[in-house]
Amino acid sequence: MSNNFFKILLKTDERLDLKQTLFSGQSFTWNFSALYSGYFANIIDNTIIFMREFETGIIEVLSNRKQINSLPINEFIFRYFSLEIDEIKVFSPKFKNEFPEVWRLVKPYESVRVMRQDPFEIMVTFMCAQGIGMHLIRRQVSMIAEHYGEKHVLDTEKGSMVLHGFPTPAALASAKVDELARCTNNNRIRAANIIQMARSFESGKLALACVSSGECDLETLRETLCAHSGIGLKIADCIALFGLGRFDAFPIDTHVKQYLWEWFSIEVASKSLTEKNYRIMQDEARKILGNEYAGYAGHMLFHCWRKEVKKMTSF
DNA sequence: CTCCAGGCAATTG
DNA sequence: CAATTGCATGGA
């Protein structure tokens with residue numbers, strides 16, 4: 001690995017399963033490194049980052065800058081993977097007692113962390129996630145980065161490597177619909193919605209909502225997000241959960257709806273996913289999972305359901 | 001061929 | 001209210 005990179009070894013006490021976390025469907029910008037097998041690569045805050053599991057319970061982080069988002073790398077990583085959250089708080093003793101079979105299945109996934117990712121990036125990527133498979137979402141996101149993100153060329157002893165950062169709000173705010181649509185599965189409506197959202201972010205309206213999202217009540221936050229065309233309840237909840245650190249937000253998609261019915265016998269989960277039913281389903285889920293970490297638990301269950309029950313492999 | 005993938009918004013009954 | 005349809009593509 002290039003010697004002008006800063007290297008950090010981070011002890012995680014096996015509370016972070018790096019691969020499962022990065023490829024559990026919450027992030028679409030991390031990739032397998034083309035030049036260095038075993039490493040995952042991404043760009044955050046104009047900083048190139050490589051990560052891998054160095055040995056059991058220890059993560060190796062390589063970066064070309066000492067700080068990310070004004071935090072020392074180790075502090076950033078700790079926060080990025082929400083390592084302050086204790087698994088025991090996520091699933092209550094009551095849950096483990098009442099649903100022993102589900103707990104047996106999901107326990108191996110307790111080292112899947114819900115990440116705190118960049119809000120704008122999450123808004124764009126989850127606006128790309130409607131009614132299509134994971135691989136198509138990933139393709140759209142990488143095309144958007146290639147066309148509108150800043151290009152980084154990294155020269156190493158193994159050759160040259162090209163990476164693209166995620167586009168800034170300004171870059172997407174000034175994009176043309178026809179051009180962006182080539183990156184969004186040829187969906188012009190989706191492209192136009194993303195441009196509109198980026199302009200709202202540029203204006204400061206959306207950006208401000210992100211700053212105050214921690215204290216804001218969830219319903220107010222959702223209203224602000226849903227005011228934008230292309231963002232409904234589900235995507236708003238995904239933005240809150242994965243981009244704003246709101247671990248109480250509980251997005252319900254086709255998979256979550258399935259496990260709510262199969263695992264917890266929530267009646268309304270067998271009916272159609274209308275807005276009214278969506279809200280009822282959330283209330284029922286909170287009774288079982290608790291409120292504070294409903295979404296955090298939900299993501300573990302989501303990943304577990306797809307892998308263990310549906311036997312899905314695409315991420 | 002049909003059906004379904006991390007939905008949303010507009011329209012119709 | 002609920003039910004239906006357009007949006008787009010690809011893999012099973």
Side-chain angles (χ1 to χ4, degrees), chain A residues 20-30 109 112 114-115 117 121-144 177-197 200 222-244 246 249-263 267-282 285 294-315:
Chain A
Q20 294 297 320
T21 297
L22 295 178
F23 294 89
S24 60
Q26 58 181 315
S27 177
F28 296 95
T29 54
W30 283 91
Y109 292 91
V112 173
V114 174
M115 298 153 67
Q117 301 178 76
E121 182 176 313
I122 290 296
M123 288 181 200
V124 176
T125 60
F126 278 90
M127 286 176 80
C128 289
Q130 300 175 16
I132 51 179
M134 290 276 195
H135 68 286
L136 269 181
I137 299 168
R138 193 169 277 279
R139 189 176 78 181
Q140 291 176 77
V141 172
S142 57
M143 283 181 76
I144 289 172
V177 174
D178 289 332
E179 204 178 296
L180 182 57
R182 289 205 290 271
C183 305
T184 58
N185 214 26
N186 291 320
N187 189 325
R188 293 169 49 82
I189 296 172
R190 179 174 302 160
N193 286 341
I194 289 172
I195 291 168
Q196 277 304 112
M197 184 279 290
S200 174
R222 292 206 290 193
E223 274 175 30
T224 307
L225 294 169
C226 289
H228 301 77
S229 186
I231 300 179
L233 278 180
K234 188 268 173 182
I235 291 177
D237 284 334
C238 283
I239 295 167
L241 179 61
F242 301 125
L244 300 172
R246 288 299 299 252
F250 188 84
I252 299 173
D253 60 39
T254 160
H255 300 291
V256 174
K257 180 172 176 290
Q258 286 170 27
Y259 79 60
L260 288 179
W261 171 238
E262 295 285 338
W263 281 345
E267 281 290 330
V268 69
S270 63
K271 299 178 182 172
S272 68
L273 191 52
T274 62
E275 180 175 339
K276 188 178 177 183
N277 286 346
Y278 186 98
R279 291 177 186 279
I280 298 172
M281 250 179 270
Q282 281 192 327
Y296 206 110
H299 185 67
M300 289 184 192
L301 293 167
F302 165 84
H303 187 52
C304 176
W305 171 262
R306 285 175 48 105
K307 284 202 70 170
E308 299 297 326
V309 181
K310 305 300 281 187
K311 308 293 182 189
M312 301 182 82
T313 52
S314 68
F315 292 98

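What you see is a predicted model; the values in this text were computed from it and never measured.
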The residue, Ala129(A) or Gly230(A), whose nearest nucleotide of DNA chain B is more 5′ is Ala129(A)

Please work out whether the ring planes of Phe126(A) and Phe242(A) are parallel, tilted or perpendicular, with thresholds of 30° and 60°.
-> parallel

Look at all strands and tell whether Ile252(A) reaches a base, only sugar-phosphate, or nothing, counting heavy atoms closer than 4.0 Å.
-> nothing

May I have the distance from Ile239(A) (atom CD1) to dG7(B) (atom C1'), rounded to whole angstrom?
-> 13 Å

Can you tell me how far C1' of dA5(B) sits from NZ of Lys257(A), to the nearest Å?
-> 14 Å

Value in whole Å for how far the P atom of dC8(B) lies from CD of Gln196(A) | 18 Å

Side-chain donor/acceptor of Asn277(A) to backbone N/O of Ser272(A), under 3.5 Å = yes

Calculate the interatomic distance between Leu225(A) atom CG and dC8(B) atom C1'; express it in whole Å.
-> 15 Å

Nearest whole angstrom, please: distance from the P of dC1(C) to the CG of Leu273(A).
-> 16 Å

Sugar-phosphate only, base, or nothing, as touched by Glu275(A) at under 4.0 Å among non-hydrogen atoms | nothing

Check the distance between dG7(B)'s C1' and Met123(A)'s CE and give it to me in whole angstrom.
-> 18 Å

When we call it a touch if two heavy atoms are under 4.0 Å apart, what does Thr184(A) touch: a base, just sugar-phosphate, or nothing?
-> nothing

Taking the P atom of each, how far is dT4(C) from dC3(B), in whole Å?
-> 14 Å

Euclidean distance, atom CG of residue Asp253(A) to atom P of dC4(B) [Å, nearest integer] | 15 Å

Check: Gln130(A) side chain, Gly230(A) main-chain N or O, donor-acceptor pair, under 3.5 Å | yes

Where each residue is assigned the nucleotide of DNA chain B containing its nearest heavy atom, which of Asn193(A) and Phe302(A) is assigned the position nearer the 5′ end?
-> Phe302(A)

Could you run through nucleotides 6-12 of chain C and give me one letter per nucleotide, 5' to 3': B if any protein heavy atom sits under 4.0 Å from the base, S if only the sugar-phosphate is that close, - if neither?
-> -SBBS--

Note: Val256(A) and Pro251(A) closest approach over all heavy atoms is CG2-O, 3.7 Å

How would you label the contact of Met127(A) with the nucleic acid (heavy atoms, under 4.0 Å): base, sugar-phosphate, or nothing?
-> nothing

N/O donor-acceptor pair under 3.5 Å between Gln20(A) side chain and Tyr109(A) backbone = no

Is there a donor-acceptor pair under 3.5 Å between the side chain of Asn185(A) and the backbone N or O of Asn187(A)?
-> no

Any donor-acceptor N/O pair, Gln26(A) side chain to Leu241(A) backbone, under 3.5 Å | no

Which part of the nucleic acid, if any, lies within contact of His228(A), taking any heavy atom under 4.0 Å across all strands shown: a base, the sugar-phosphate backbone alone, or nothing?
-> sugar-phosphate

Within less than 4.0 Å of OP1 or OP2 of dA3(C), is there a side-chain N or O belonging to Ser272(A)?
-> yes

Pairwise P distance for dG10(C) and dC8(B), with rounding to whole Å = 23 Å

